[in-house]
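To find a chain, count down the sequence lines: A is the first, B the second, and so on, and within it residues start at 1.
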Protein chains: 2
Amino acid sequence: MNALTPLSEATALPLTCAGLLPFDHPLFAGLPLSDIAEIASVMSCYRFKDDALIAADDVPLVGIILAGAVARIAKQWDQVSTVGLLLPNDLLILEGPRTAAIHPEAVGLTEILGCSAPEFDALLRRFPKLQLNYLDLVASELQATREWYTLLGRKTAPERVATLILKLSRHSDHPDSPVIDLRLTRDRIGTLLGLKMETVSRQIRAFAKLGIIALFSPTKIEVLDHGALMHATGDVWREKTML
Amino acid sequence: MNALTPLSEATALPLTCAGLLPFDHPLFAGLPLSDIAEIASVMSCYRFKDDALIAADDVPLVGIILAGAVARIAKQWDQVSTVGLLLPNDLLILEGPRTAAIHPEAVGLTEILGCSAPEFDALLRRFPKLQLNYLDLVASELQATREWYTLLGRKTAPERVATLILKLSRHSDHPDSPVIDLRLTRDRIGTLLGLKMETVSRQIRAFAKLGIIALFSPTKIEVLDHGALMHATGDVWREKTML
DNA sequence: CGTACGGTTGAGCTCACTCAATAAGGGTGG
DNA sequence: CCACCCTTATTGAGTGAGCTCAACCGTACG
């Protein structure tokens, strides 16, 4: 299990996924196309299957998540807990010198456009503008993280669950379909939100009972009443932001 | 109240505080002394009194905290809550484009070596090495923030209080004296840790009753049994890090 | 057909919150 | 110096959200 599964020797991938290469990603803002092409030539499109540990040849991977999701897993003693969730378009970033015991793990079939940490470091040194963009993104991430956890620390169980569902619904893989796939087990949602599996289950069922969401299967849901869900997050007063 | 109080027109301050200029701060790592001097010439030593809103001419301030502490205050609706605490040697950083409703506020008499955000931005563009250092620091901060809040979200009230006391004891202004000054009211500690004032009071008194700490006044304490306090944080299994 | 794993549901308990009353400082003005 | 006020801290009693423990269901898979 947890086998490393980068897309088989597909270094030529930049061409393959050029069609979906996010030129408009903030990471590339203000860079001339020629530079982007050069950067992209260093990056590859990695594909991971469910639960795969995300790394390139045992080296940390830096990159943009194209599809799927990445869970940040902390293993302490014998219990694992999910301490963060990265969604498409998010940046999988380097986290300073200390690696700590936190590892990224794929949730569902996941594609990442990226390169190894040392390679990325070289890119940063070569393209100052890229470095500035990266800095901005890391800073934004820092702020988002602070908001996320700060609010989580103060939210009730239903508020936390509502917040997560809303977040996931906004990052749905299929914006055309109203049905979204949580992709996470109750237990994983629990560790992510600091709740117990049973509590998560109860909250989700309660929302379903209230008609706020529809439950097709444990992980397939549809948001029926966005307003009510929004209200349930307890964030009504701030309306916007909150990713 | 909350009046802006930079050290009166003291732009010449770099010389004044040169003695305590943290040349060894990671922000300046690897920079030639000449560059550091040049950077320092742009920075000034700001001094804020208790509860002062930290800013330079209404512009966000970036810099290194030399003494005192900075609370990150979020004002939402009519209630304020402390969502973070920065201690000496910490970096007061820019947090991406969005400013959000979070403002830094001085806790006690606080000194900051820094400059306005635009000025700092210019410095970053001028000294690539400074930019790399800053990036590393922001990334580290991100990781530390994630750990901090992640753990907070899962900790019990006594664990949270123990964690804060330990953190404060490690950043004591007077390493010679065993007595540390919390500088924060019970209410502020409460908003910082996601607890109620009464709960904070109860936990602190409980630690005192157990002989783990000594209480000289509500804010002046001494850690008598570091081991027990460490154990009370619930972090025994990871021993180190945890700032 | 049985086993396993994820999900659901119920009963009881605990910890932190709420409400409320009381103390302890710390200034300020007489 | 003392009386007073205002903020902060302490302490108690009762409540409730979320946890624990435990049983049960449903689907996938060998």
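Separating the CG atom of A/L215 from the P atom of D/dG26 is a distance of 15 Å, rounded to the nearest angstrom. The separation between B/K155 atom NZ and C/dA16 atom P is 13 Å, rounded to whole Å. At whole-Å resolution of the value, CZ in B/R205 and C1' in C/dA23 are 11 Å apart. At whole-Å resolution of the value, CG in B/D50 and P in D/dT8 are 11 Å apart. The CD atom of B/E198 sits 17 Å away from the P atom of D/dT15 (whole-angstrom rounding). Here C/dA16 presents its C1' atom at 13 Å from CG of B/L193, a figure rounded to the nearest Å. D/dT20 atom C1' lies 11 Å from atom CE of A/M197, rounded to whole Å. Atom-to-atom, CD of B/E159 to C1' of C/dC15 comes out at 12 Å; the value is rounded to the nearest Å.
When atom types are taken as modelled, the side chain of A/R186 and the backbone of A/T219 share no donor-acceptor pair closer than 3.5 angstrom. Listed for the A/Q203 side chain is no donor-acceptor partner under 3.5 Å among the backbone atoms of A/V200.
Between A/R186 and C/dG6, a side-chain N or O to OP1/OP2 separation shorter than 4.0 Å is absent. Proximity of A/S201 to the phosphate of C/dT8: a side-chain N or O atom is located under 4.0 Å from OP1 or OP2. In terms of phosphate contacts, B/T199 brings a side-chain nitrogen or oxygen within less than 4.0 Å of OP1 or OP2 of C/dC17.
In this structure, A/G194 reaches the sugar-phosphate backbone alone: every heavy-atom distance under 4.0 Å involves primed, P, OP1 or OP2 atoms, never a base. Contacts of B/S217 with the nucleic acid, taken as non-hydrogen atoms under 4.0 Å apart, are absent.
Evaluation of atom-type donor-acceptor distances gives no pair under 3.5 Å for the side chain of B/Q203 against the base of C/dC15. Between the side chain of A/R202 and the base of C/dG10, a donor-acceptor pair under 3.5 Å is found.
Under a 4.0 Å N-O distance rule, the pair A/R188/A/D51 qualifies as a salt bridge.
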Trace of the side chain to side chain contact (heavy atoms under 4.5 Å, CB included) decision for A/L87 with A/L168: CA-CA 8 Å; A/L87 297 171; A/L168 288 171; 4.0 Å; yes

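Donor-acceptor pairing under 3.5 Å is lacking for the side chains of A/T163 and A/T233.
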